[in-house]
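Start at 1 and go down the list; that is how both ligands and their atoms are numbered.
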Amino acid sequence: MASLPQAGVRRGRFITLEGIDGAGKSTHLGFIRDWLRAHDIDAVFTREPGGTPLGEKIRELFLAADTRVSLEAETLLAFAARQQHIAEVIEPALAAGRYLVSDRFTDSTYAFQGGGRGVDPARIAALEAWVQRGLQPDLTLLFDLPLEVAAGRMAGSRTLDRFEQEAADFHQRVRAAYLERAAGHPRFVVLDASRSIAEIQVDIAAQLQRLLERA
Ligand code: ADP
Ligand code: MG
């Protein structure tokens, strides 16, 4: 599955964006795109579930409000889409020396299916080991904010998907699971997303600069 390293090409960097719905991931993706372009860095932008033709079909089922799915099947769908995404998009981009920025990745499965639904994290870890074979992001930006602030920002924006329709205590567990993961993995940077967009982007730029300078 993993692409062979290309001679003379330094492997690219893998950046993931995480957070509850309404945290600002899509908003800041545009800023990251502009920042990388200004620094002449070739980057691929993608999302989960999705990022491939198969993955986008899975995404539709995954998010549709009328999908009836067990928590185990939901978890497996996330990893089915992820395996295809890694094989078809992520690994080839990194092997070619490109940066790859994904709006959500495996931390979302730990947060939503693990924290939110109660799937045993050991089961998620087993699927992670099988599907990712050691692949991990180099940097994970966690946009953290109180649920009420996120909900207020999303109010009236569009029809809510299957996860957005969940009750407040679900989103509270998702947020807590994210913070717990962040505490255990140094690749995470937790950003206070309740601040203004401009303030948050000062921090994002500093993190991108650090990643760029990292040996
Ligand atoms: P996500 O992709 O994480 O679900 P979005 O980027 O779509 O979140 O942001 C949700 C809404 O909140 C959008 O309307 C966006 O313009 C707004 N928003 C995002 N970040 C901020 C911020 N720091 N301050 C005020 N509004 C924001
Ligand atoms: Mg978004």
Nearest neighbour in protein (non-hydrogen) for [atom]:
atom: atom 16 (O) of ligand 1; answer: T27 OG1, 4.0 Å
atom: atom 20 (N) of ligand 1; answer: R153 NH1, 3.5 Å
atom: atom 3 (O) of ligand 1; answer: K25 NZ, 2.6 Å

Q) Evaluating non-hydrogen atoms only, which member of S26, G152, G24 is closest to atom 2 (O) of ligand 1? A)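 Ranked by closest heavy atom to atom 2 (O) of ligand 1, first place is S26.
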Q: Determine, step by step, whether F163 and F62 satisfy the ring-ring contact (aromatic ring centres under 6.0 Å, His included) criterion, reporting the C-alpha distance in whole Å, the side-chain angles of both residues, the deciding distance to 0.1 Å, and the verdict.
A: CA-CA 9 Å; F163 294 94; F62 200 80; 5.3 Å; yes
(Q) For E128, is there an ion pair with R133 - N to carboxylate O distance below 4.0 angstrom? (A) no
Q) Are D21 and R104 ion-paired here, with the side-chain N under 4.0 Å from a carboxylate O? A) yes
Per-atom contacts of ligand 1 with [X], taking only distances under 4.0 Å to non-hydrogen atoms:
X: I197; answer: 20 (N), 21 (C), 22 (C), 23 (N), 24 (N)
X: D21; answer: 4 (O)
X: I200; answer: 23 (N)
X: S196; answer: 23 (N)

Q) With a distance cut-off below 6.0 Å to the six-membered ring centre and an angular limit of 45° from the axis, does R117 pair with F112 as a cation-pi contact? A)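 Judged by the rule, R117 and F112 form no cation-pi pair.
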Q) Is NZ or CZ of R181 both nearer than 6.0 Å to the six-membered ring centre of Y178 and within 45° of the ring axis? A)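 The answer is no, since R181 fails at least one limit relative to Y178.
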Q. Could you go step by step and tell me if E72 and T75 meet the side-chain hydrogen bond (donor to acceptor under 3.5 Å, both in side chains) rule?
A. CA-CA 5 Å; E72 290 86 359; T75 304; over 6 Å; no
Q: For R195 and ligand 1, answer yes if some heavy atom of the residue is under 4.0 Å from a ligand atom, otherwise no.
A: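 In this structure, R195 qualifies as a contact of ligand 1 - some heavy atom is under 4.0 Å.
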Q | contact_flag G22 ligand 1 heavy-atom lt 4.0 Å | A | yes
Q. Is there a nitrogen or oxygen of M154 sitting under 3.5 Å from a nitrogen or oxygen of ligand 1?
A.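 So ligand 1 has no N or O lying under 3.5 Å from an N or O of M154.
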Q.
With a 6.0 Å cut-off (strictly less than), is the heavy-atom count around CD of Q207, excluding the residue itself, greater than 12?
A. yes
Q: Please indicate whether R195 has more than 12 foreign heavy atoms, meaning atoms of other residues, nucleotides or ligands, lying under 6.0 Å from its CZ.
A: yes
Q: Report yes or no: does T27 have an N/O/S atom closer than 2.8 Å to the Mg ion (ligand 2)?
A: no
